[in-house]
Enquirer: 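Please see the structure below; I have some questions.
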Amino acid sequence: GVGGRGVPHSSPPWGGAGRPLGRSAASGGYRRYAWTGADADCRLWFRMQAEARRLDVETDRNGNQWAWLGDPTAGDAVVTGSHLDSVPDGGAFDGPLGVVSAFAALDELRARGASFRRPLAIVNFGDEEGARFGLACVGSRLTSGQLTKEKAYELRDADGITLPQAMEAAGHDPETIGEDRERLDRIGAFVELHVEQGRALDLSGDAVGVASAIWPHGRWRYDFHGEANHAGTTRLVDRRDPMLTYAETVLAARREAELAGAVATFGKISVEPNGVNAIPSLVRGWLDARAADQDALDAVIAGIETAARDKAAAHGVDLAVVRESFTPVVEFRHALRDELVRLLGGKAPVLGTGAGHDAGILSASVPTAMLFVRNPTGVSHSPAEFAAEDDCVAGVLALADVLEGLACH
Ligand code: HGY
Ligand code: MN
Ligand code: MN
């Protein structure tokens, strides 16, 4: 394995029937971070699934995997797929459902005797969650030119390992990463199937829906610099406690989100020196904020930062705010969206989402669309994430109908 708890590839890493690639025995959640052993296991799984279906598999300069049916250079390809990496202790469906459904939809089309008039590709986009290096959708951002090689080289994980070092350690040459215009020009349409990360389909009673838009969203790192001191002997009035400012900022984030009808989350924190009996010198908090439109998001971000700076001044704490990831609003192209609705018989609901996806990134370069599969609890980014088998099958059949309509005679 590489850089993680992956198993050597002497034999398929999954051994028996199960596919617990990167699953934590403790939490039951998945820990499939970019360029780790678990990632390598997933990449091997993808390659084996593709080769078993006689697809031509390649890994592009940015580490995304493509499995081709037909001649890629013919252009106007219909591409489908998603990602296999996860957030820390993520669920089994976010990402993998789109890749597995793509392979299953191809099986279904072959069973129908479909013949393809356009090349078809199944893609596994690398590092969609940004769990290790902090930036979402690295694979698709590099390919679409939204992340430059220079900026990508600045990314580093919690252990200080840079993205190029991690790629190198995993056997991928980082020298060639960057925009892949030629590959984008081959794509006529990209359709991503994804488990819904919300309950709209559960509430509407539909197994499958079509995406309308992705909310603008981003990640900001808040660095609260205070003064390390003794927890037991330092008078309250003499403290410059960054944890206090952090706590006030978390409460401010909730208030600002409520005011704007948005969402804001501080889900990740690091504390130095992180001792029970030591007032911290530094508290780092990561904010994830999303809203239905840019104005609302701007209001939330500004409100949170203003409140944080006021509290920092009051506590004698210094604050630095760095935007680490940002995705503007995505309005999926209406023609392709409406074509999917038509191919599904005109009844599938059309719904927006606050979750980011590779389809959202690619939509700046090629026509993209998304299918959502019902998630009965709406829970995601959690080991409890679930989708019923019947709904997953409905998703596969819907994807097959869409691919047949777009790519077959
Ligand atoms: O965070 C997201 O919206 C996605 O799961 N990367
Ligand atoms: Mn996700
Ligand atoms: Mn996802």
Side-chain angles (χ1 to χ4, degrees), residues 22 29-34 38-39 42 46 64 80-102 123-142 144 146-147 155 190-198 200 209 211 213-221 257 262-268 286-292 297 323-330 332 351-363 368-375 377-387 392 395 399:
Y30 290 83
R31 298 174 180 171
R32 297 171 175 163
Y33 312 141
D39 185 59
C42 289
F46 182 90
N64 305 306
T80 186
S82 189
H83 62 94
L84 294 174
D85 69 307
S86 74
V87 296
D89 284 347
F93 298 85
D94 175 356
L97 184 65
V99 179
V100 171
S101 300
V123 64
N124 164 32
F125 280 112
D127 197 3
E128 189 275 345
E129 294 291 3
R132 181 175 176 186
F133 296 100
L135 177 66
C137 298
V138 169
S140 52
R141 283 183 204 266
L142 281 168
S144 59
Q146 296 176 41
L147 171 64
L155 294 173
F190 173 57
V191 180
E192 179 172 2
L193 180 145
H194 203 283
V195 65
E196 188 195 346
Q197 294 160 306
I214 295 177
W215 284 14
H217 59 283
R219 306 177 185 187
W220 287 261
R221 196 188 75 235
V263 287
T265 313
F266 275 95
K268 177 179 174 180
W286 280 264
L287 168 67
D288 177 310
R290 316 191 187 202
L297 183 58
R323 188 177 82 173
E324 290 196 337
S325 178
F326 178 69
T327 307
V329 64
V330 167
F332 288 107
L351 54 145
T353 180
H357 300 283
D358 292 308
I361 298 299
L362 280 195
S363 67
T368 62
M370 291 192 75
L371 290 175
F372 290 128
V373 170
R374 175 165 45 197
N375 173 340
T377 65
V379 169
S380 184
H381 287 188
S382 156
E385 184 182 72
F386 176 75
C392 294
L399 182 59

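From a predicted model like this one, the values you see are computed outputs, not experimental measurements. Order of listing sets the numbers, starting from 1, for every ligand and every atom in it. Note: hydrogens, waters and symmetry copies are ignored here, and every other heavy atom, side chains too, is used.
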Enquirer: Of all heavy-atom pairs between Cys137 and Ile361, which one has the smallest distance, and what is that distance?
Expert: CB-CG1, 3.6 Å

Enquirer: Could you check if a side-chain atom of Arg32 sits within less than 4.5 angstrom of a side-chain atom of Pro96, using non-hydrogen atoms only?
Expert: yes

Enquirer: Report the distance from atom OG of Ser101 to atom CG of Leu399, rounding to the nearest 0.5 Å.
Expert: 6.5 Å

Enquirer: Assess, by modelled atom type and distance only, whether the side chains of Asn375 and Glu385 contain a donor and an acceptor separated by less than 3.5 Å.
Expert: no

Enquirer: Any side-chain heavy-atom pair from His381 and Glu129 closer than 4.5 angstrom?
Expert: yes

Enquirer: May I have a table of the N/O to N/O pairs between ligand 1 and the protein that fall below 3.5 Å, each row giving the two atom names and the distance to 0.1 Å?
Expert:
{"from": "ligand 1", "atom 1": "1 (O)", "to": "Arg290", "atom 2": "NH2", "distance (Å)": "2.9"}
{"from": "ligand 1", "atom 1": "3 (O)", "to": "Arg290", "atom 2": "NH1", "distance (Å)": "2.6"}
{"from": "ligand 1", "atom 1": "3 (O)", "to": "Arg290", "atom 2": "NH2", "distance (Å)": "3.3"}
{"from": "ligand 1", "atom 1": "3 (O)", "to": "Gly356", "atom 2": "N", "distance (Å)": "2.7"}
{"from": "ligand 1", "atom 1": "5 (O)", "to": "Glu129", "atom 2": "OE1", "distance (Å)": "3.1"}
{"from": "ligand 1", "atom 1": "5 (O)", "to": "His381", "atom 2": "NE2", "distance (Å)": "3.0"}
{"from": "ligand 1", "atom 1": "6 (N)", "to": "Glu128", "atom 2": "OE1", "distance (Å)": "3.3"}
{"from": "ligand 1", "atom 1": "6 (N)", "to": "Glu128", "atom 2": "OE2", "distance (Å)": "3.1"}
{"from": "ligand 1", "atom 1": "6 (N)", "to": "Glu129", "atom 2": "OE1", "distance (Å)": "3.0"}

Enquirer: Determine the interplanar angle of the His357 and Phe372 rings, folded into 0 to 90°, and report it as parallel if under 30°, tilted if 30 to 60°, perpendicular if over 60°.
Expert: tilted

Enquirer: Pull up every protein N/O/S atom sitting under 2.8 Å from the Mn ion (ligand 3), skipping waters.
Expert: His83 NE2, Asp94 OD1, His194 NE2

Enquirer: Looking only at side chains, do Asp358 and His83 share a donor and an acceptor under 3.5 Å apart?
Expert: no

Enquirer: Measure across Tyr33 and Asp89 and return the closest heavy-atom pair with its distance rounded to 0.1 Å.
Expert: OH-N, 4.3 Å

Enquirer: Contact between Cys392 and Leu97 at the side-chain level, heavy atoms closer than 4.5 Å - yes or no?
Expert: yes

